[in-house]
Amino acid sequence: MNPKLEALFDEPERAYLQTDELNALSQFVSSLPERITLYQRLRNEEVTLMQSVADALQQQFSREPEEKLKRSLQNAILMVRYAAMAMLTDDADIVTKRLETWLPEIITAYETRDIDMALYKLIKTQFAGRFSPTQMALLAPGINAAERLITESGSPAESEEEITSETLVSLF
Amino acid sequence: MISVADLLVDNRLPSNYFASDVYVRGTLELGLLENRRGDRLLALPDALMKSIISGLNQETGQATKYVLRNCGLWWGKNFYARFCEELSDYYQKGVAELSMIEFVKALQECWRTHGWGVLALNTDHQMKGFLVIEIKNSPFTLHPIQASQPSGALETGVLQAFFSQLTGRDLTCVQISCESLGADCNRFVLGLENRLESVESLVQEGQPHSAIMQMLTQ
């Protein structure tokens with residue numbers, strides 16, 4: 001759950017919750033049915049949604065090796081799952097917290113940044129055609145958090161490139 | 001064409017296994033802090049680290065670093081086995097089938113989540129047969145063992161055992177820079193024993209790590 005909401009439950013010994021704190025809680029709770037509906041759609045339509053993204057991606061990067069596209073797609077599917085969870089719990093930080101030390105370096109090492117950036121554009125346009133603006137607004141914080149992780153990944157250093165292809169055994 | 005259904009055959013996509021908010025948990029009513037597999041974790045007070053070193057210094061004098069290194073070797077050997085077991089359970093494939101970046105990222109995240117600092121692999125000298133591990137914010141080097149000498153004997157042992165098992169070679173590990181001596185991070189150089197013979201004395205002389213690496217790779 002959103003850390004601000006979660007923090008409401010931290011200190012019952014401090015005082016009773018105030019009206020504005022309870023309002024924030026009600027607001028989240030009243031948005032839950034819509035969040036759950038959207039989550040269910042993302043879950044049920046995962047393959048269809050991501051297949052349309054995959055087809056568009058393959059058209060756009062027809063010269064890239066399929067392995068590379070598959071790797072990016074797998075990461076994108078993972079990210080959409082995280083974004084869906086972020087949407088359900090109203091906690092976009094979950095994406096950053098779990099993945100910020102992990103994903104950018106993986107992307108840098110495999111040099112898939114350009115593909116990944118294009119992928120997020122495709123996800124946004126494809127999803128916008130299928131979901132309502134309200135639903136997109138709910139999903140956006142998570143997707144944007146994931147996109148930021150990719151934008152922040154650097155260009156690969158020579159050594160990182162080697163890490164993906166070589167095993168450490170061969171170092172000595 | 002790429003089939004998304006094929007990418008999702010087992011419907012799970014490995015992610016950051018060691019993410020701290022999912023990795024560290026516990027059965028706290030029983031006084032147990034545990035990892036996500038239910039193995040017990042311990043919080044190690046800094047005062048205990050300090051007292052281990054001062055206790056060893058008092059009882060063994062010069063031997064402290066050898067004792068700690070030995071402890072590190074044991075720890076590293078077990079750590080490697082457990083680490084590989086956890087990873088292969090999570091990825092549902094053998095560690096040998098993981099790409100090196102997946103393996104290294106997992107090791108870094110594991111290090112970070114346990115509160116052992118931020119670990120990085122420096123492969124600048126790999127063509128010459130040396131691997132340098134850089135660790136920032138290590139809790140193990142805070143307390144000096146001997147004046148003006150690196151204090152990462154425990155980590156030296158861990159890394160030596162870990163990477164020896166990983167590579168299947170008998171590697172030696174020497175610490176060439178130390179946070180406790182004002183360096184920006186702890187650096188450990190790994191390589192074959194006969195190629196690292198001279199390093200120990202260079203470190204004792206107080207040579208900077210860059211000079212040591214230059215002499216090693218000349």
Side-chain angles (χ1 to χ4, degrees), chain A residues 3 43 46-55 57-59 61 64 66-82 91 93-110 156-172, chain B residues 1-8 11-23 95-109 111-113 118 120-132 162-172 190-193 195-196:
Chain A
R43 182 196 64 195
E46 183 183 41
V47 175
T48 330
L49 282 168
M50 294 313 291
Q51 188 63 56
S52 64
V53 172
D55 295 343
L57 183 78
Q58 227 174 351
Q59 249 176 8
F61 290 90
E64 288 287 348
E66 203 169 282
E67 272 314 301
K68 216 168 166 176
L69 298 181
K70 275 185 182 169
R71 192 180 305 285
S72 282
L73 271 167
Q74 238 166 359
N75 276 339
I77 297 169
L78 182 71
M79 287 300 121
V80 174
R81 285 184 180 188
Y82 268 95
D91 180 13
D93 284 354
I94 194 178
V95 179
T96 326
K97 222 166 34 193
R98 299 254 177 97
L99 301 169
E100 75 179 338
T101 53
W102 184 78
L103 185 75
E105 282 184 55
I106 301 251
I107 286 168
T108 305
Y110 282 116
E158 210 177 313
S159 55
E160 277 161 337
E161 199 180 313
E162 278 153 7
I163 286 179
T164 59
S165 54
E166 290 194 28
T167 64
L168 285 176
V169 185
S170 62
L171 291 179
F172 301 100
Chain B
M1 293 302 271
I2 296 173
S3 151
V4 168
D6 287 350
L7 294 178
L8 286 171
N11 198 29
R12 60 186 286 286
L13 298 159
S15 146
N16 183 7
Y17 174 73
F18 290 100
S20 57
D21 62 330
V22 268
Y23 189 75
V95 167
E97 292 169 61
L98 293 182
S99 76
M100 203 31 79
I101 183 70
E102 284 169 323
F103 187 88
V104 169
K105 269 322 291 171
L107 178 63
Q108 289 174 324
E109 291 303 291
W111 217 263
R112 187 198 306 273
T113 290
V118 179
L121 220 65
N122 178 336
T123 51
D124 287 353
H125 307 286
Q126 72 156 78
M127 298 306 284
K128 304 272 185 181
F130 299 106
L131 182 65
V132 178
F162 187 93
F163 283 94
S164 291
Q165 298 212 71
L166 175 65
T167 57
R169 305 292 296 267
D170 245 343
L171 301 177
T172 297
L190 283 152
L192 294 174
E193 194 175 359
R195 304 214 34 216
L196 283 171

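The sequence lines fix the lettering, A, B, ..., with proteins before strands; numbering per chain opens at 1. Note that the structure is a prediction, hence the values are computed from the model and not measured.
- Heavy atoms of A/K97 lying under 4.5 Å from chain B belong exclusively to its side chain.
- When all heavy atoms of B/V22 and A/R98 are compared, the pair lying nearest together is CG1-NH2, 3.7 Å.
- Residue contact with chain A, scored on non-hydrogen atoms closer than 4.5 Å, involves the side chain of B/L8 exclusively.
- Judged as a ring-ring contact (aromatic ring centres under 6.0 Å, His included), and not counting sequence neighbours, A/F61 has no contacts.
- Between A/Y110 and B/S99, the closest heavy-atom pair is OH-OG, 2.7 Å.
- Atom CG of B/D21 is surrounded by more than 12 heavy atoms from other residues, nucleotides or ligands within 6.0 Å.
- Proximity to chain A is absent for every atom of B/R195, based on heavy atoms less than 4.5 angstrom apart.
- Of all heavy-atom pairs spanning A/Q51 and B/V4, the tightest one is OE1-N, 2.7 Å.
- Between atom CD1 of residue B/I2 and atom CD of residue A/E67 there is a gap of 8.5 Å, rounded to the nearest 0.5 Å.
- Options B/A19, B/A96, B/S15 differ in how many heavy-atom pairs under 4.5 Å they form with chain A, and the most are formed by B/S15.
- Residue contact with chain B, scored on non-hydrogen atoms closer than 4.5 Å, involves the backbone and the side chain of A/D55 alike.
- A search for ring-ring contact (aromatic ring centres under 6.0 Å, His included) contacts involving A/Y82 returns nothing, not counting sequence neighbours.
- Looking at A/L57, neither its backbone nor its side chain comes within 4.5 Å of chain B, counting heavy atoms on both sides.
- Taking CD1 of B/I101 as the reference point, atom CD1 of A/I107 lies at 11.0 Å (rounded to 0.5 Å).
- Contact tally against chain B (heavy-atom pairs below 4.5 Å) for A/L78, A/L99, A/V47: the top residue is A/L78.
- For the set A/Q58, A/E46, A/E66, the entry with the most heavy-atom pairs within less than 4.5 Å of chain B is A/Q58.
- The closest donor-acceptor contact from the side chain of B/K105 to the backbone of A/T101 lies under 3.5 Å.
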